[in-house]
Amino acid sequence: MVATTERTQLKKMPAFGRLELDEAAIDVARHSLEPGAPQHAAPWRKDIVKLLNDSLATELVCVLRYKRHHFTADGLASPKIAEEFLVHANEEAAHADRLARRIVQLGGEPDFSPDSLTRRSHADYDEALDLKAMIRANLVAERVAIESYSQLVALIGDKDSTTRRLIEEILGDEQQHAEELEGWLAD
Ligand SMILES: [Fe+2]
Ligand SMILES: [Fe+2]
């Protein structure tokens, strides 16, 4: 025998949603290389393309900053760290490529315009010559990237799961970059 208050509580319990695959996202993946691919994110497409272009600008500025640091740190206190700056530069370039590819898949145009790069980038360029100052500048830039990608993941949510997963993967790399830089600062 269930008491009245208990019955009311049972009625109020939310029905659990079923575990189902995101068929629309699977369809996007299936057709993503074909011309006229279905646009799962259609209502949000313009906003997402704009957000991805800002991230693309950020990645490109990060490539330039890491390259500058790699070549100017060469021969200073730690050649090993200078080499790692180049590894990061190449990984940021790979991020830029993945963002540009996704922008095109969404029917947008990737913005590589050099004139507006630093204006559109979330992270800053840096011309420090001291190795510790370089590491600090890169750590700040990585934290800026982590914050902006985290916000992007939350903003996109289920509106475009293909883009969200891409951003989550890039975010994981940025978190790893930040951890490495924190380790070098502590040395
Ligand atoms: Fe990156
Ligand atoms: Fe990074």
Side-chain angles (χ1 to χ4, degrees), residues 32 41 47-74 76-106 108-157 159-187:
S32 64
D47 287 349
I48 291 174
V49 165
K50 159 78 171 66
L51 290 164
L52 293 181
N53 260 321
D54 291 345
S55 296
L56 173 61
T58 304
E59 294 290 354
L60 294 171
V61 166
C62 288
V63 172
L64 297 173
R65 193 190 58 254
Y66 272 123
K67 285 252 186 188
R68 159 85 190 198
H69 287 175
H70 165 70
F71 287 108
T72 51
D74 205 16
L76 289 181
S78 177
K80 184 185 157 288
I81 290 180
E83 277 312 307
E84 287 297 323
F85 285 158
L86 185 60
V87 172
H88 282 203
N90 291 334
E91 287 174 357
E92 311 301 12
H95 293 164
D97 289 350
R98 295 184 73 187
L99 292 168
R101 193 171 295 118
R102 183 64 190 149
I103 289 168
V104 171
Q105 284 173 351
L106 288 169
E109 287 184 18
D111 190 348
F112 284 89
S113 169
D115 286 348
S116 57
L117 262 192
T118 49
R119 258 199 325 278
R120 293 182 292 117
S121 169
H122 301 301
D124 293 330
Y125 183 67
D126 178 78
E127 293 182 332
L129 289 172
D130 169 74
L131 194 67
K132 282 259 174 193
M134 289 179 184
I135 298 172
R136 269 198 298 273
N138 289 321
L139 180 55
V140 168
E142 294 292 354
R143 285 182 178 163
V144 166
I146 289 166
E147 176 59 29
S148 60
Y149 282 131
S150 300
Q151 288 190 24
L152 206 46
V153 166
L155 271 179
I156 294 175
K159 295 176 182 69
D160 177 358
S161 44
T162 306
T163 299
R164 193 197 63 236
R165 278 193 297 275
L166 166 65
I167 300 300
E168 284 169 342
E169 285 175 24
I170 294 176
L171 175 59
D173 290 346
E174 312 302 11
Q175 284 164 336
Q176 205 177 323
H177 289 168
E179 279 170 27
E180 286 171 9
L181 292 159
E182 281 161 1
W184 301 335
L185 258 192
D187 286 346

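Remember, it's 1-based here, ligands and their atoms both numbered in the order they're listed.
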If the threshold is 4.0 Å, N to carboxylate O, is there a salt bridge linking Arg164 and Glu169?
no
Assess, by modelled atom type and distance only, whether the side chains of Glu92 and His95 contain a donor and an acceptor separated by less than 3.5 Å.
yes
When rounded to the nearest 0.5 angstrom, what distance separates CG in Asp111 from CG in Leu117?
7.5 Å
The Fe ion (ligand 1) to His95: any N/O/S contact under 2.8 Å?
yes
Would one find an N, O or S atom of Glu174, in either backbone or side chain, under 2.8 Å from the Fe ion (ligand 1)?
yes
Tell me whether His122 contacts the main-chain N or O of Val144 through its side chain, where contact means a donor paired with an acceptor under 3.5 Å.
no
Give the atom name of whichever N/O/S atom in Glu92 sits closest to the Fe ion (ligand 2).
OE2
Minimum-distance N/O/S atom that His177 presents toward the Fe ion (ligand 2):
ND1
